[in-house]
Colleague: 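Handing you a structure now.
In what follows, every chain begins at residue 1, and chains take the letters A, B, ... in the order their sequences are listed.
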Amino acid sequence: MLLTRGFRRAAVPRLARRDMCGAAARRTTASGLVAVAGGGASFHDYDAAITACVERRALKQGRQVHAHMVTARYRPPVYLATRLVIMYARCCALDDARNVLDGMPERNVVSWTAMISGYSQSGRHVEALQLFIRMLRAGCKPNEFTFATVLTSCSGSQSIHQVKQVHSLVAKTNFESHMFVGSSLLDMYAKAGNIQEARRVFDMLPERDTVSCTAIISGYAQLGLDDEALDLFRQLYSAGMQCNYVTFTTLLTSLSGLASLDYGKQVHGLILRKELPFFVVLQNSLIDMYSKCGKLLYSRRVFDHMPQRSAISWNAMLMGYGRHGIGHEVVQLFRTMTEEVKPDSVTLLAVLSGCSHGGLVDEGLDIFDLIVKEQNAVLSIGHYGCVIDLLGRSGRLQKALDLIQDMPFEPTPAIWGSLLGACRVHVNVSVGEVVAQKLLDMEPGNAGNYVILSNIYAAAGMWKDVFRVRNLMLEKTVTKEPGQSWIILDKVIHTFRSSDRLHPRKKDIDAKIKEIYVDIRAAGFVPDLSCVLHDVDDEQKERMLLGHSEKLAVTFGLMNTPPGLTIRVMKNLRICVDCHNFAKFVSKVYGREISLRDKNRFHLLTDGACTCGDYW
DNA sequence: GTAGGGTTAG
């Protein structure tokens with residue numbers, strides 16, 4: 001039989017077979033398949049041919065082998081039919097795989113699992129789970145392979161109630177402590193947001209490998225528990241964990257969140273020393289990490305040295321420039337990008353938001369028009385949000401309002417919020433009132449909206465309305481996500497919350513902040529009392545403003561770093577107007593550069609001015 | 001024979 005010419009399977013040890021099949025396949029598929037057309041092939045011929053197709057993801061040849069079986073009226077035994085399912089599934093021909101599976105008179109656990117895995121790997125998680133249920137109904141007992149696959153689909157489909165059911169099945173069959181099943185299981189819990197349960201599964205694993213360790217670290221990272229992710233990494237690393245590029249990629253995500261430049265550099269060094277082969281994903285993480293740590297030049301260095309880049313690499317770099325308010329670099333890099341790679345929807349988002357943050361209104365709008373016209377791009381509400389931001393920033397508030405009403409999405413509070421912010425900057429009462437009304441209806445408990453509306457009235461000198469709105473606000477119960485700021489000194493993270501009493505050097509900080517206050521008031525600083533949401537007298541408001549977390553962090557930085565060094569402070573929310581102004585004065589009076597990273601962007605404050613141009 | 005963790009944006 002020419003199909004497997006020069007290759008005798010029985011003589012080959014099992015372990016070597018896979019490679020031999022590959023080699024045999026390369027030698028035989030092209031000529032062998034043609035030669036086989038006339039004669040009857042045996043089990044071994046079919047097996048070798050299918051194996052070759054699986055290895056090479058050769059769908060066309062696979063179909064030929066399958067067709068050959070049909071014409072030869074060869075009824076494949078369970079083993080061979082299963083191999084066909086695997087072949088089709090690996091080649092992403094899921095419907096063909098399913099046809100073979102459905103046509104099988106008998107199925108075993110491998111056939112079912114291969115099909116489930118096919119669905120799972122193509123992201124068709126619901127179908128994967130449905131098939132798993134059919135498998136159980138058919139009386140087939142799942143094994144560790146099945147569970148590892150099904151659990152992946154559980155995290156993918158985010159069906160919380162199925163999670164528990166599958167888990168209890170896993171526990172019943174004693175696969176909970178199987179390495180693959182266990183890491184799938186903990187990953188599933190982590191992705192469902194239940195990190196405690198994920199940790200419990202992880203702690204119960206009798207053995208741990210790189211994947212299970214990475215999975216649990218990634219669990220913390222995905223939930224934004226960056227501190228915990230870093231801690232756990234350090235713990236596992238000193239206990240001898242082996243890292244690979246996925247581990248580092250995950251870890252870098254958390255370091256980006258923390259903006260921990262020192263650790264970031266250290267991990268980068270670790271990666272270089274390991275002499276890992278080139279991975280685009282890992283380099284992308286490095287670009288993002290340096291950009292979120294405020295070191296855009298390092299990002300660019302990584303970017304420039306990449307032998308290959310994906311769209312994500314470009315996007316990460318574009319977002320970096322945008323985050324730092326360097327609009328012209330965004331536009332320039334975008335132009336270079338279009339010569340090399342096809343931009344995707346995230347690219348457009350990056351460019352638009354970059355133009356907005358960098359103040360390049362017309363450029364941003366031009367690019368938007370161009371892309372919409374030329375590329376028939378699929379636009380998300382995020383894209384509209386950016387354009388509304390651009391229009392708002394340039395003062396074209398009515399146009400922005402029209403766009404909100406015309407766009408094919410229901411506007412979200414974030415969309416209205418961005419326009420309301422623009423109304424405050426450009427003091428537009430008429431549009432502001434319309435927008436605010438929408439927002440107050442949608443989220444009556446959000447104090448921020450009342451504050452901005454009252455600020456608009458105040459800027460327009462409409463004091464009666466100011467009081468009306470503030471009274472309205474006090475009637476509603478308001479909850480706010482607690483703001484916190486942090487600064488990293490000597491690899492120690494110092495976190496501050498508003499009016500924090502927990503820091504061990506609280507007294508020193510208080511004394512220093514009062515000293516600063518005197519200095520900057522003398523230089524012309526005026527506190528913005530409208531930033532205080534509570535109904536208290538002005539003196540109390542001033543005191544509360546001084547308790548804001550970003551001021552505490554900046555003060556702590558001023559106390560503990562030598563002159564000339566940039567003070568780098570991070571905040572989990574958008575920075576407050578009064579604190580922004582405070583930082584401006586500090587930068588001027590003390591001649592210190594201050595870098596403030598808020599939820600959306602960097603503010604680099606030098607000599608009393610900020611790179612955001614006071615619009616954020 | 002079938003299996004687990006990862007990058008930009010939100």
Side-chain angles (χ1 to χ4, degrees), chain A residues 14 17-18 47 50-51 54 78-87 89-90 107-118 120-121 135 142-153 155 175 178-188 190-191 198 201-202 205 208-219 221-222 243-253 256 279-289 291-292 299 309-320 322-323 343-354 380-383 385-386 412 414 600:
Chain A
R14 193 183 163 84
R17 216 153 69 195
R18 191 163 263 271
D47 186 22
I50 296 172
T51 304
V54 169
V78 179
Y79 173 85
L80 270 190
T82 303
R83 301 287 293 141
L84 279 177
V85 174
I86 294 165
M87 183 274 294
R90 284 276 178 85
R107 298 163 198 93
N108 62 22
V109 59
V110 181
S111 359
W112 288 107
T113 305
M115 189 68 232
I116 294 170
S117 148
S120 176
Q121 277 170 10
M135 167 185 177
N143 64 12
E144 66 273 32
F145 286 81
T146 325
F147 281 125
T149 312
V150 166
L151 288 168
T152 313
S153 273
S155 8
F175 282 121
H178 183 278
M179 181 99 80
F180 278 34
V181 180
S183 37
S184 271
L185 189 60
L186 77 87
D187 182 58
M188 176 190 70
K191 291 214 169 89
V201 175
F202 178 75
L205 284 176
R208 295 160 179 180
D209 66 354
T210 305
V211 175
S212 47
C213 291
T214 306
I216 188 69
I217 294 172
S218 152
Q222 279 165 12
C243 304
N244 63 13
Y245 83 101
V246 183
T247 323
F248 289 127
T249 303
T250 307
L251 181 63
L252 285 170
T253 318
S256 305
F279 291 104
V280 181
V281 201
L282 180 56
Q283 303 293 315
N284 293 348
S285 274
L286 281 169
I287 294 176
D288 190 52
M289 182 274 292
S291 128
K292 286 182 179 158
S299 296
R309 304 182 188 101
S310 66
I312 294 184
S313 329
W314 292 88
N315 294 347
M317 200 63 235
L318 288 168
M319 302 227 160
R323 196 176 285 127
D344 61 16
S345 64
V346 179
T347 312
L348 183 54
L349 217 54
V351 172
L352 293 175
S353 97
S380 71
I381 189 161
H383 295 112
C386 290
T412 58
N600 296 327

Colleague: Any N or O donor-acceptor pair linking the side chain of A:T82 to the base of B:dG1 at under 3.5 Å?
Modeller: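 Counting by modelled atom types and ignoring angles, a donor-acceptor contact under 3.5 Å is found here.
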Colleague: Donor-acceptor pair under 3.5 Å: do we get one between A:N244's side chain and the base of B:dG6?
Modeller: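 Looking at the base of B:dG6, it does not pair with any donor or acceptor on the side chain of A:N244 (distance under 3.5 Å).
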Colleague: Base, sugar-phosphate, or nothing for A:T210, non-hydrogen atoms under 4.0 angstrom?
Modeller: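 A:T210: base contact, heavy atoms under 4.0 Å.
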Colleague: Got A:V346 and A:M319 here, is their nearest side-chain heavy-atom distance under 4.5 Å?
Modeller: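 The answer is yes; the side chains approach within 4.5 Å.
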Colleague: Tell whether A:S183 reaches the base of B:dG4 with its side chain through a donor-acceptor pair below 3.5 angstrom.
Modeller: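 Pair found.
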Colleague: Among B:dA9, B:dG4, B:dT7, which is the nearest nucleotide to the side chain of A:K292?
Modeller: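 So the side chain of A:K292 is nearest to B:dA9.
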Colleague: Looking for any heavy atom pair under 4.0 Å, which part of the strands does A:T249 touch: base, sugar-phosphate only, or nothing?
Modeller: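 Touches sugar-phosphate only.
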Colleague: Can you find an N or O donor on one side and an acceptor on the other, under 3.5 Å apart, linking the side chain of A:S184 with the base of B:dG4?
Modeller: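 No pair found.
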Colleague: Would you mind reading off the distance between A:N315 atom CG and B:dT8 atom C1', rounded to a whole angstrom?
Modeller: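 It is 5 Å, rounded to the nearest whole Å.
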Colleague: What integer distance in Å separates A:L84:CG from B:dG1:P?
Modeller: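 Those two atoms, CG and P, are 15 Å apart.
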Colleague: If you look at every heavy atom in A:S291 and A:G320, which pair is closest and at what distance?
Modeller: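 Reported closest heavy-atom pair: OG-CA, 3.4 Å.
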Colleague: Quick check on B:dT2: is either OP1 or OP2 less than 4.0 Å from any side-chain nitrogen or oxygen of A:Q121?
Modeller: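 No, outside the criterion.
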Colleague: Distance check needed: B:dG10 C1' versus A:I312 CD1, whole Å only.
Modeller: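 Taking atom C1' of B:dG10 as the reference, CD1 of A:I312 is at 14 Å.
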Colleague: Of all the heavy-atom pairs spanning A:P142 and A:F175, show the shortest one and how long it is.
Modeller: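 Reported closest heavy-atom pair: O-CE1, 4.1 Å.
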Colleague: Output yes when at least one side-chain N/O atom of A:R107 is less than 4.0 Å from OP1 or OP2 of B:dT2, else no.
Modeller: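 No, because none of the side-chain N or O atoms of A:R107 sits under 4.0 Å from OP1 or OP2 of B:dT2.
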Colleague: First locate atom OG1 of A:T253, then atom NZ of A:K292, and finally report the distance between them rounded to the nearest 0.5 Å.
Modeller: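 These two atoms lie 8.0 Å from each other.
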Colleague: I need the CD1-P distance between A:I287 and B:dT8, as an integer number of Å.
Modeller: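 One finds 11 Å between P of B:dT8 and CD1 of A:I287, rounded.
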Colleague: Given B:dG5, B:dA9, B:dT2, identify the nucleotide with an atom nearest to the side chain of A:V346.
Modeller: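 Comparing B:dG5, B:dA9, B:dT2 against the side chain of A:V346, the answer is B:dA9.
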Colleague: Quick one: label A:M179 by what it contacts on the DNA or RNA (base, sugar-phosphate, nothing), any heavy atom closer than 4.0 Å.
Modeller: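 Here A:M179 touches the bases of the nucleic acid.
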Colleague: With a 4.0 Å cut-off on heavy atoms, is A:S380 in touch with a base, just the backbone sugar-phosphate, or nothing at all?
Modeller: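 No contact at all - A:S380 keeps every heavy atom at 4.0 Å or more from the nucleic acid.
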Colleague: If only side-chain N and O atoms of A:R309 are considered, is one of them under 4.0 Å from the OP1 or OP2 phosphate oxygen of B:dT8?
Modeller: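 False: A:R309 side-chain N/O out of range (4.0 Å or more) of B:dT8 OP1/OP2.
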Colleague: Would you say a side-chain N or O of A:Q222 is under 4.0 Å from OP1 or OP2 of B:dG5?
Modeller: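 No, A:Q222 has no side-chain N/O under 4.0 Å of OP1/OP2 on B:dG5.
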Colleague: With a 4.0 Å limit, can you tell me whether A:S212 has a side-chain N or O closer than that to the phosphate oxygens OP1/OP2 of B:dG5?
Modeller: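 Indeed not, no polar side-chain atom of A:S212 lies that close.
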Colleague: Strictly below 4.0 Å: does A:S117 bring a side-chain N or O up to OP1 or OP2 of B:dA3?
Modeller: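 True: A:S117 side-chain N/O within range (under 4.0 Å) of B:dA3 OP1/OP2.
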Colleague: Output the single nucleotide from B:dA3, B:dA9, B:dG1 whose closest atom is nearest the side chain of A:L349.
Modeller: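 So the nucleotide nearest the side chain must be B:dA9.
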Colleague: Which listed nucleotide (B:dA9, B:dT2, B:dG1) is nearest to the side chain of A:R323?
Modeller: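 Looking only at heavy atoms from C-beta outward on A:R323, the closest nucleotide is B:dA9.
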Colleague: Report the nucleotide, chosen from B:dG1, B:dG5, B:dT7, that has the shortest atom-to-atom distance to any side-chain atom of A:V281.
Modeller: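 Comparing B:dG1, B:dG5, B:dT7 against the side chain of A:V281, the answer is B:dT7.
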Colleague: Are A:F180 and B:dG4 stacked, counting the six-membered base ring, centres under 5.5 Å, planes under 30°?
Modeller: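 Yes, aromatic ring over the base.
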Colleague: Between A:K191 and B:dG4, does any side-chain N or O lie under 4.0 Å from OP1 or OP2?
Modeller: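 False: A:K191 side-chain N/O out of range (4.0 Å or more) of B:dG4 OP1/OP2.
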Colleague: Between A:R90 and B:dT2, is there a side-chain N or O to OP1/OP2 distance below 4.0 Å?
Modeller: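 It does, given that an N or O in the side chain of A:R90 lies less than 4.0 Å from OP1 or OP2 of B:dT2.
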